[in-house]
Amino acid sequence: MARRTSYVDIDRIRDRLVSLIRIPSVTGEEDAVVSHIATWMQQFDAEIDYWNDGIAALQRDPRYPGHEVERAWAPVVVGVLRGEQPGPTVLLTGHVDVVPPGDYSRWRDEPFSGVTRGDRVYGCGASDMKGGMVAAMACFEAFAESGRNFPGRIILAAVPAEEDSGLGTLAAIRGGWQADACIIPEPTTGASGVPELVVAHAGAMSLKIKVPGKSAHASKRLQGESALDHFLTIYQAMREDERALNERENHPLMKVHPLPYATNVGTIHGGLWSSSVMDQLEAQVRVGVALDETIDQAEERFRNTIMEYIKDDPWLRDNPPVITRLASGFGSAQTREDHPLVAALAESAEEEFRASPGIAAAPYGCDMSGWVRLAGVPTVVYGPGEIDLAHAPNESISLEATYKTARTLVKTTERLLDMDRESLSLLKSEA
């Protein structure tokens with residue numbers, strides 16, 4: 001009988017990747033690409049669950065992570081292959097949304113062209129994470145085409161809204177989907193060209209800060225209170241919070257990064273007229289969330305630092321900034337390095353890439369936190385593509401790495417399905 005990895009075909013991977021890239025699934029506009037994947041699933045003898053979770057219902061969920069992009073619903077598709085014997089459930093899941101391509105003049109080719117040059121396929125979302133999604137689809141296809149002589153279940157879930165807040169993963173979990181182990185093929189390829197196993201990642205939340213000022217004629221600037229000047233004071237408090245948070249981090253995998261938990265001011269809007277002192281300012285800020293804290297604890301830490309810092313400022317003490325949460329995602333997450341999922345992935349990856357994959361932590365957030373924190377599923381992030389190319393002009397991915405990753409996923413899934421469920425639950429994920 002042929003090995004299941006023989007069903008992974010690099011030409012099909014290329015054609016499928018080009019097809020997905022050519023569907024411009026910018027966050028909030030994922031309907032077409034989810035429908036495309038649902039149609040692809042229909043060729044297999046698989047159970048398919050395809051639905052739209054309304055935004056109103058998601059907002060009522062106590063675990064609602066917030067969202068920044070306006071949408072009416074979140075489209076999700078899940079395919080299931082059931083083996084001939086009982087056994088564990090392995091979940092392969094990825095997001096189908098991409099960030100906007102930005103300035104088209106900075107792209108060598110049309111951003112959604114899927115142009116192929118040698119080993120690389122170019123396009124918006126190629127690395128983050130349509131390449132990884134295609135690798136997961138190739139794994140699912142290999143099991144579908146090679147028969148059902150395996151134990152347990154394989155689930156493939158394509159979700160929207162990861163670039164926004166993780167809303168799509170919440171919809172999948174609300175749909176009742178669970179697993180004993182989960183792999184998310186986000187881009188984790190390092191400088192060596194071999195994908196790393198990301199077992200932990202930082203969290204992040206988006207906050208809106210409104211800073212009050214007092215208007216006056218520009219020629220009488222000292223009679224007013226510039227909201228910009230007062231924001232600069234608050235900005236120093238934000239930098240102090242960031243410094244203290246990073247200095248106390250002691251997780252060895254997080255300490256590798258120069259800045260594990262970044263605070264970033266993304267937008268600033270304020271003022272009405274150049275000849276008037278700025279009477280108000282509104283900033284949107286991304287705040288890092290440490291491995292050892294929840295979203296609520298991180299927000300409380302951020303607020304307390306700012307309020308302590310400005311207590312001696314007469315204007316800000318009497319006119320404090322208003323801080324509101326825009327989106328929170330699900331925070332940070334980690335899975336123990338000695339979990340069987342990590343060992344199975346590492347062994348399979350070494351066979352395919354002829355090199356031991358590194359074990360790493362990421363300074364950015366992803367859907368892993370939803371599966372770990374909300375569903376209690378041991379999860380590892382492992383996929384083709386380089387995070388340095390994500391969200392950038394001329395984004396691309398290696399076909400060879402995508403092919404080898406797909407084969408790695410097949411071998412890992414085989415190893416996990418041969419385990420008993422109890423062994424996968426012995427070493428729980430850490431929230």
Side-chain angles (χ1 to χ4, degrees), residues 13-33 36 67-71 94-135 160-166 168 185-193 195-196 201-202 204 206 257-259 262-269 282-286 288 326-327 329 362-367 381 383-402 405:
I13 284 176
R14 181 190 60 246
D15 294 345
R16 194 166 298 141
L17 178 55
V18 171
S19 295
L20 287 191
I21 290 173
R22 287 178 176 174
I23 303 174
S25 52
V26 173
T27 300
E29 302 172 4
E30 306 97 339
D31 298 65
V33 71
H36 177 89
H67 70 286
E68 298 178 67
V69 176
E70 289 303 315
R71 63 171 68 238
H95 69 85
V96 296
D97 58 318
V98 303
V99 299
D103 184 358
Y104 272 46
S105 68
R106 299 186 65 189
W107 287 80
R108 178 178 176 181
D109 308 290
E110 203 282 330
F112 300 103
S113 63
V115 167
T116 303
R117 293 191 183 90
D119 177 54
R120 302 197 71 86
V121 178
Y122 293 80
C124 187
S127 186
D128 184 18
M129 61 169 289
K130 289 187 175 178
M133 191 70 227
V134 166
E162 189 271 349
E163 300 291 1
D164 188 2
S165 64
E186 287 268 16
T188 65
T189 300
S192 66
E196 298 177 318
H201 70 74
S206 297
H257 298 286
L259 188 64
T263 294
N264 180 68
V265 178
T267 68
I268 295 179
H269 302 281
E282 181 178 297
Q284 293 189 9
V285 180
R286 183 263 199 201
L326 289 174
Y364 51 83
C366 68
D367 280 337
V381 180
E386 300 92 340
I387 193 65
D388 290 346
L389 298 181
H391 302 192
N394 305 309
E395 183 177 356
S396 67
I397 193 167
S398 163
L399 272 174
E400 182 70 16
T402 306
T405 298

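The chain is numbered in sequence order, starting from 1. Given the structure is predicted, the values throughout are model-derived calculations rather than measurements. For the numbers below, each heavy atom of this structure counts, side chains included, while hydrogens, waters and symmetry mates do not.
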Cationic tip of Arg108 above Tyr122 ring, under 6.0 Å, 45° of axis: no

His257 side-chain N/O to Leu259 backbone N/O, donor-acceptor pair under 3.5 Å: no

His269 versus Gln284, side-chain donor and acceptor atoms under 3.5 Å: no

Side chain Thr402, main chain Gly131, donor-acceptor under 3.5 Å: no

Of Ile23, Val26, Leu20, the residue whose pairing with Phe112 passes side-chain contact (heavy atoms from CB on, under 4.5 Å): Val26

Donor-acceptor side-chain pairing of Asp164 and Thr27 below 3.5 angstrom: no

Between Glu163 and His391: side-chain donor-acceptor atoms closer than 3.5 Å: yes

From CZ (Arg120) to CD (Glu395), nearest 0.5 Å: 10.0 Å

Short side-chain to backbone donor-acceptor contact, Glu30 and Ser25, under 3.5 Å: no

Closest heavy-atom pair and its distance - Val121, Ala126: O-CB, 3.7 Å

Nearest-0.5 Å distance, CD1 of residue Ile387 to CD of residue Glu186: 6.5 Å

Asp119 side-chain N/O to Glu400 backbone N/O, donor-acceptor pair under 3.5 Å: yes

Arg22 (side chain) donor-acceptor with Ser113 (main chain) under 3.5 angstrom: yes

Salt bridge present between Asp109 and Arg117 (N-O < 4.0 angstrom): yes

Main-chain N/O of Val265 paired to Arg286 side chain as donor or acceptor, under 3.5 Å: no

